[in-house]
Amino acid sequence: MQIARIIEISKFKDQEVTIQGWLYNKRSSGKLRFLQIRDGSGTIQAVVFKGDVSDPVFQVCDELTQESSVVVSGIVAADKRSSLGFELQVRDIQIQQIAKEYPISPKEHGTAFLMDHRHLWLRSSKQHTILKVRHALIRASRDFFDGQGFTLVDAPIFTPAACEGTTTLFETDYFGEKAYLTQSGQLYMEAAAMAVGKAYCFGPTFRAEKSKTRRHLTEFWMIEPEVAYMDLDGDMDLAENFVAFIVQRVLESCQEELKVLERDITILEKIKTPFPRISYDEAVKIIHDKGLEFEYGNDFGAPDETAISENFDTPILVHRYPAAIKAFYMKKDPADQTKALCVDMLAPEGVGEIIGGGQREDDLDVLLAGIKKHNLPVEAFNWYLDLRKYGSVPHSGFGLGIERTVGWITGITHVRETIPFPRMMQRLTP
RNA sequence: UGGGGCGUAGCAUAGUUGGCAAUGCGCCUGGCUGUUAACCAGGAUACCGUAGGUUCAAGUCCUACCGCCCCAGCCA
């Protein structure tokens with residue numbers, strides 16, 4: 001007997017197959033039993049007619065509880081009444097395990113309850129669909145960089161000091177010394193770029209900020225490319241090509257998923273390069289023209305980002321922020337020393353920042369002065385300064401937050417649903 | 001860390017001027033040969049977030065505490 005996955009059930013029309021899965025829901029009608037079986041690839045209705053199976057097999061249907069694991073064999077039959085187009089005419093059922101009373105019923109629940117049962121909630125169609133899109137997006141990201149000659153270089157998780165010094169870090173005891181969980185792989189990618197030319201990393205990053213918004217996690221995943229001999233313009237080219245590529249790939253490979261998530265894909269279909277590029281000064285003008293209160297020189301808040309991005313229906317690149325509000329490693333604009341050669345990508349629909357990056361300071365003395373100005377411990381950055389002693393070159397890169405990007409593409413407004421097991425200020429379990 | 005909101009059965013909620021704690025889902029029992037979050041009949045299930053207080057009487061009023069949600073700051 002062939003074992004079939006539901007996603008490719010059409011290949012087995014009129015054949016007898018076995019489905020290995022779980023009971024999602026069931027209904028009954030006299031001598032008929034309707035079992036909704038899911039196997040992780042899809043859901044199919046298995047129809048059990050009393051005349052087609054032995055009495056014990058028919059009785060088993062009434063013992064099955066929600067999420068019981070079952071192996072069901074039957075004939076794959078085309079049926080117009082099925083949303084899948086096919087249903088299974090059951091011949092045999094084997095119980096793997098009868099589930100205890102399942103906490104998540106197919107009705108409404110609150111987010112807190114569902115998050116407490118995140119390990120089970122992942123089985124529900126919407127959540128498992130989001131995971132599929134996340135996977136597609138990660139695979140597209142790797143394909144993009146791999147296809148352009150980048151080398152994947154893994155960055156460490158334990159780090160001796162802050163990368164940026166501005167944000168709060170998680171501190172750990174490292175054999176009697178202090179170590180911190182990384183907040184970015186960037187500094188290590190700069191070293192990697194000097195070794196391989198084009199490097200990227202993909203891994204978890206940690207921020208101990210006490211943020212409780214729908215855009216924040218304490219543990220999130222970033223993909224961070226870094227390229228030697230690339231300036232800010234090249235960085236913006238790379239960023240927009242990358243984002244356009246992954247959106248296109250998700251549109252192609254996740255049509256069903258986006259339908260389940262009820263995502264309006266016409267918005268995503270409009271995404272084409274080049275993206276609008278506006279300077280910080282121009283962005284401030286947009287905010288002021290809309291009558292919002294904003295002090296020139298500050299960083300943008302969430303409402304400011306929304307105001308800027310709602311003028312456009314694709315992501316936009318905002319460049320050259322005031323150097324004073326940016327990290328020490330940002331190179332200053334030769335045309336205006338008060339500005340940094342940095343760029344943020346703001347996604348439309350009020351999603352906000354999904355990319356932050358820019359051109360790095362490549363001059364040893366300027367960088368050293370920056371470290372001191374930010375009151376960072378110079379010793380911890382000696383290895384990083386070496387990169388400016390031994391064949392320093394202009395170089396640029398950026399970091400893209402996976403969860404925010406998945407949220408934007410799927411239309412899920414809270415990042416806690418775009419990562420399998422979110423870590424937030426108020427949540428460490430499951 | 002500020003501003004706002006919410007804690008009642010396994011889940012989602014209602015609960016009026018303080019007076020026997022209710023409804024839907026899920027669960028259990030039974031019925032139906034085409035159900036689509038099926039339907040019909042019956043049944044079980046509550047330390048009303050915690051601790052005090054006011055009162056003849058508190059889910060309801062008062063005080064403190066705990067937990068959660070939303071928004072903001074910080075950021076990807």
Side-chain angles (χ1 to χ4, degrees), chain A residues 24-36 43-52 58 61-63 65-67 77 79-84 87 89 99-117 120-121 124-125 163-164 166-169 183-186 204-224 239 298-306 321 325-327 343-347 351-357 398-408 413-416 418-419 424-427:
Chain A
Y24 194 67
N25 198 3
K26 68 174 177 181
R27 288 176 283 272
S28 67
S29 178
K31 297 192 172 84
L32 275 170
R33 296 290 181 270
F34 301 97
L35 310 176
Q36 311 297 326
T43 304
I44 192 169
Q45 174 161 276
V47 184
V48 191
F49 177 49
K50 200 162 196 280
D52 287 350
F58 193 74
C61 296
D62 295 329
E63 291 168 32
T65 54
Q66 189 186 357
E67 287 303 316
D79 196 300
K80 282 178 195 158
R81 289 166 293 196
S82 159
S83 55
L84 186 69
E87 56 182 34
Q89 292 172 345
K100 302 257 189 297
E101 194 175 330
Y102 192 68
I104 304 177
S105 63
K107 276 274 181 174
E108 72 246 290
H109 297 282
T111 315
F113 173 81
L114 290 167
M115 273 297 163
D116 285 340
H117 297 83
L120 302 176
W121 191 23
S124 66
S125 62
C163 299
E164 313 197 2
T166 53
T167 44
T168 327
L169 295 161
Q183 61 185 175
S184 166
Q186 182 207 313
T205 50
F206 307 86
R207 307 271 168 100
E209 295 148 2
K210 293 187 174 172
S211 304
K212 291 189 294 182
T213 80
R214 61 190 160 84
R215 299 182 303 281
H216 286 87
L217 297 165
T218 53
E219 178 182 311
F220 67 98
W221 287 67
M222 257 204 305
I223 190 148
E224 296 177 276
N298 286 349
D299 208 347
F300 301 127
D304 306 318
E305 288 183 352
T306 304
Y321 285 64
I325 54 169
K326 288 292 176 178
V343 59
D344 282 0
M345 187 185 288
L346 306 182
V351 171
E353 186 178 351
I354 56 170
I355 278 181
F398 61 82
L400 173 132
I402 292 290
E403 288 75 19
R404 286 187 185 175
T405 307
V406 173
W408 166 48
T413 53
H414 203 304
V415 290
R416 68 185 160 209
T418 64
I419 187 169
M424 297 176 290
M425 203 181 143
Q426 307 284 359
R427 180 166 298 281

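Values below: all heavy atoms of this structure, side chains included; hydrogens, waters and symmetry mates excluded. In what follows, every chain begins at residue 1, and chains take the letters A, B, ... in the order their sequences are listed.
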As a test of reading the structure: which of [options] is closest to the side chain of [X], going by heavy atoms?
X: A/Lys212; options: B/rG2, B/rC75, B/rC68; result: B/rG2
X: A/Ala112; options: B/rC68, B/rA76, B/rA72; result: B/rC68
X: A/Phe113; options: B/rC11, B/rG26, B/rC70; result: B/rC11
X: A/Arg214; options: B/rC71, B/rG34, B/rC75; result: B/rC71

Identify whether any heavy atom of [X] sits under 4.0 Å from a base atom; if not, whether one sits that close to sugar-phosphate; answer base, sugar-phosphate or nothing.
X: A/Ile354; result: sugar-phosphate
X: A/Thr213; result: base
X: A/Gly301; result: sugar-phosphate
X: A/Ile104; result: nothing

Check: B/rC74 base within 3.5 Å donor-acceptor of A/Ser211 side chain: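 Per atom types, the contact qualifies.
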Donor-acceptor pair present, A/His109 side chain and B/rC11 base, under 3.5 Å: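 Such a pair does not exist between side chain and base.
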Please indicate yes or no: is the ring centre of A/Phe220 less than 5.5 Å from the centre of the six-membered base ring of B/rA76, with the two planes inclined by under 30 degrees? yes
Quick one: is B/rC68 close enough that its OP1 or OP2 comes under 4.0 Å of any side-chain N or O from A/Arg416?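 Looking at the OP1 and OP2 atoms of B/rC68, neither is under 4.0 Å from any side-chain N or O of A/Arg416.
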Pairwise P distance for B/rU63 and B/rU54, with rounding to whole Å: 15 Å
Using whole Å, report how far NZ of A/Lys31 lies from P of B/rG34.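 Atom-to-atom, A/Lys31 to B/rG34, this comes out as 11 Å.
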When you measure from the side chain of A/Glu87 to the backbone of A/Ala77, do you find a donor-acceptor pair of N or O atoms at a distance under 3.5 Å? no
Does the plane of the ring in A/Phe113 sit parallel, tilted or perpendicular to the ring in A/His117? Use 30° and 60° as the thresholds.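 Aromatic pair A/Phe113/A/His117 classed tilted.
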